[in-house]
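Here the structure is laid out as structure tokens; the discussion comes afterwards.
Since the model is a prediction, treat every value here as computed from it, not as a measurement. The chains referred to below are lettered A, B, ... by the order of the sequence lines, with proteins before strands, and numbering in each begins at 1.
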There are 2 protein chains.
Amino acid sequence: MAKRNTSELKPIEDVLTVWDVLTPDERQFVKNHFTTHYFKKNEIIHCEGELPTHMMVLAAGKVKVYKEGVGSRTQIIRMLKPGEHFGYRAIIASQTYNTNVAAFEPSTVYMLKADIFLSILRNNNAFCYRFLEEIAADLGASDARTVNLTQKHIRGRLAEALLLLRKNYGLEEDGATINIYLSREDLANLSNMTTSNAIRTLSNFVNEHIIAMDGRKLKIIDEERLIKISKMG
Amino acid sequence: MAKRNTSELKPIEDVLTVWDVLTPDERQFVKNHFTTHYFKKNEIIHCEGELPTHMMVLAAGKVKVYKEGVGSRTQIIRMLKPGEHFGYRAIIASQTYNTNVAAFEPSTVYMLKADIFLSILRNNNAFCYRFLEEIAADLGASDARTVNLTQKHIRGRLAEALLLLRKNYGLEEDGATINIYLSREDLANLSNMTTSNAIRTLSNFVNEHIIAMDGRKLKIIDEERLIKISKMG
DNA sequence: CTAAATTTGTGCTTTAAAACATTGTTGTCA
DNA sequence: TGACAACAATGTTTTAAAGCACAAATTTAG
């Protein structure tokens with residue numbers, strides 16, 4: 001019997017959200033040339049400084065995009081869910097990767113060689129425009145995040161991170177637990193704070209009945225207050 | 001005699017860096033439809049939350065792109081020089097503006113209605129790709145800036161801002177003075193710190209013979225040290 | 001040309017968050 | 001199963017930067 005992973009994996013035409021704007025020829029071309037790659041938990045998919053070789057689509061799993069800053073302190077820039085593209089910014093800007101990407105949990109990535117990706121971008125205007133839309137939204141989010149991370153206080157930043165996680169990965173069947181399990185360290189790297197402070201602030205939120213914790217399981221109890229905390233800084 | 005401003009103003013075909021990929025028809029169309037707008041020092045060009053109506057190109061002058069954060073503390077996101085586009089991100093992402101733009105000094109802006117801009121984007125692949133390239137570079141810069149602003153200490157952030165200003169606006173004829181005059185407040189908003197701290201840190205740099213100051217005139221004396229300070233945080 | 005307002009410059013105080021230290025908890029694998 | 005490693009929790013100390021207050025200088029306005 002096939003691996004559970006493989007049998008559950010959606011085919012590229014279901015994962016690639018820009019599939020609909022491809023011509024029949026392009027579809028065939030992509031189908032013939034894309035490759036599938038599996039990554040273990042915490043495995044690195046690509047590193048800052050490397051030359052970009054592929055446009056990538058997350059087919060299954062969860063990955064983090066992060067930068068190593070001063071004293072190799074890491075800052076998580078964004079987190080991806082299946083169907084989201086990555087690795088293409090550097091190709092388009094003719095730069096090396098300026099972020100690292102690593103798997104939060106076992107993940108599958110579909111990859112398309114840079115030259116193939118570029119040739120479609122250059123020939124299919126609707127395809128090009130879709131990526132323009134995507135990156136325009138990302139830039140807006142990035143600028144917003146800059147201000148949030150620099151101006152809000154610890155509680156505000158952590159509250160924001162929790163809301164972001166819920167928005168991005170949703171809830172489990174119980175309708176309350178955030179559908180991703182992060183280490184305290186990752187949570188800290190997402191919220192621009194030290195691990196100790198993430199732990200401390202999380203405990204405070206529990207004491208104030210804003211969230212509930214069970215190990216890495218996080219439940220949002222009082223969403224209104226969390227939103228208020230995130231807004232006030 | 002015509003205004004000095006007007007007589008020195010470059011025509012749109014010289015300012016618009018994407019002019020070369022336009023077809024003759026498109027060039028004529030743009031020429032017939034673009035409008036010219038003058039802004040006084042500190043005048044606001046567009047505001048956060050407004051619906052975007054035009055793609056804009058800075059024809060002359062200097063402008064700041066900034067966000068109002070917690071307690072209306074402002075953060076300068078980037079600064080533009082002639083030939084740079086703005087206001088188009090929101091159009092493409094179908095969002096309201098997420099930044100404010102205001103003139104640092106008297107500035108001239110060429111504007112092209114959103115629907116015209118979109119119709120060219122959708123019909124001219126090379127044009128679309130140019131904007132994709134531009135925004136891809138901007139996103140890389142934005143993510144880098146996030147980490148710099150969150151992780152570096154005050155001296156590092158100010159050093160970085162000074163280097164950024166020099167890189168962006170260059171030097172005056174004396175080969176040393178940075179070719180833009182900012183208030184201490186703007187400098188603080190660029191470096192994510194309070195005005196007092198910008199002033200204080202600037203004074204320290206003068207005492208250490210890293211820069212020289214004469215009012216708002218800033219000269220970089222010891223570039224190496226400035227780079228080192230900016231890197232170390 | 002003075003008066004008011006803004007900008008700049010400094011010292012002092014307070015505070016939020018980092019850094020450090022220690023202990024408990026859970027998980028992993030020889 | 002016991003030992004080691006990674007992770008989580010919490011208290012204490014230190015420090016970078018904000019906040020505040022005020023004076024001096026410069027710009028703007030009446």
Value in whole Å for how far the [atom2] atom of [N] lies from [atom1] of [X]:
X      : N      : atom1 : atom2 : result
A:K217 : D:dA8  : NZ    : P     : 16 Å
B:D214 : D:dT26 : CG    : C1'   : 13 Å
B:N204 : C:dT8  : CG    : P     : 17 Å
B:E185 : D:dT27 : CD    : P     : 17 Å
A:I199 : D:dA6  : CD1   : C1'   : 12 Å
A:N189 : C:dA18 : CG    : C1'   : 14 Å
A:L202 : D:dT10 : CG    : P     : 11 Å
B:D186 : C:dT6  : CG    : P     : 16 Å

Carboxylate-amine/guanidinium proximity below 4.0 Å for B:K64 and B:D186: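 Yes, B:K64 and B:D186 are salt-bridged.
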Carboxylate-amine/guanidinium contact A:E105 A:K41, below 4.0 Å: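 Salt bridge: no.
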Of the nucleotides [options], which one has an atom closest to the side chain of [X]?
X      : options                : answer
B:S196 : C:dT8, D:dC20, D:dA18  : D:dC20
A:N197 : C:dT10, D:dA18, C:dA18 : C:dA18
B:I154 : D:dA18, C:dT8, D:dA9   : D:dA18
A:R184 : D:dA18, D:dC20, D:dA9  : D:dA9

Sugar-phosphate, base or nothing in reach of A:S203, heavy atoms under 4.0 Å: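 Answer is sugar-phosphate: A:S203 comes under 4.0 Å of backbone atoms only.
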Sugar-phosphate only, base, or nothing, as touched by B:R216 at under 4.0 Å among non-hydrogen atoms: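 Sugar-phosphate: the residue B:R216, judged by heavy atoms under 4.0 Å, touches backbone atoms but no base.
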Donor-acceptor pair, side chain of B:T201 and main chain of B:A198, under 3.5 angstrom: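 Side chain of B:T201 to backbone of B:A198, a donor-acceptor pair under 3.5 Å: no, none is there.
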Heavy-atom closest pair, residues B:L9 and B:Y38: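 Looks like CD2-OH, 4.2 Å.
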Plane angle bin for B:H85 and B:Y88 - parallel if under 30°, tilted between 30 and 60°, otherwise perpendicular: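 Plane angle over 60°, so perpendicular.
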Side-chain N,O (B:R200) to OP1/OP2 (C:dG9) below 4.0 Å: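 No, no such contact exists.
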B:T194 side-chain N/O to D:dA18 phosphate OP1/OP2 under 4.0 Å: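 Yes, such a contact exists.
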Comparing B:M193 and B:K41 on DNA chain D - which has the more 5′ nearest nucleotide: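 Whichever sits nearer the 5' end wins; that is B:M193.
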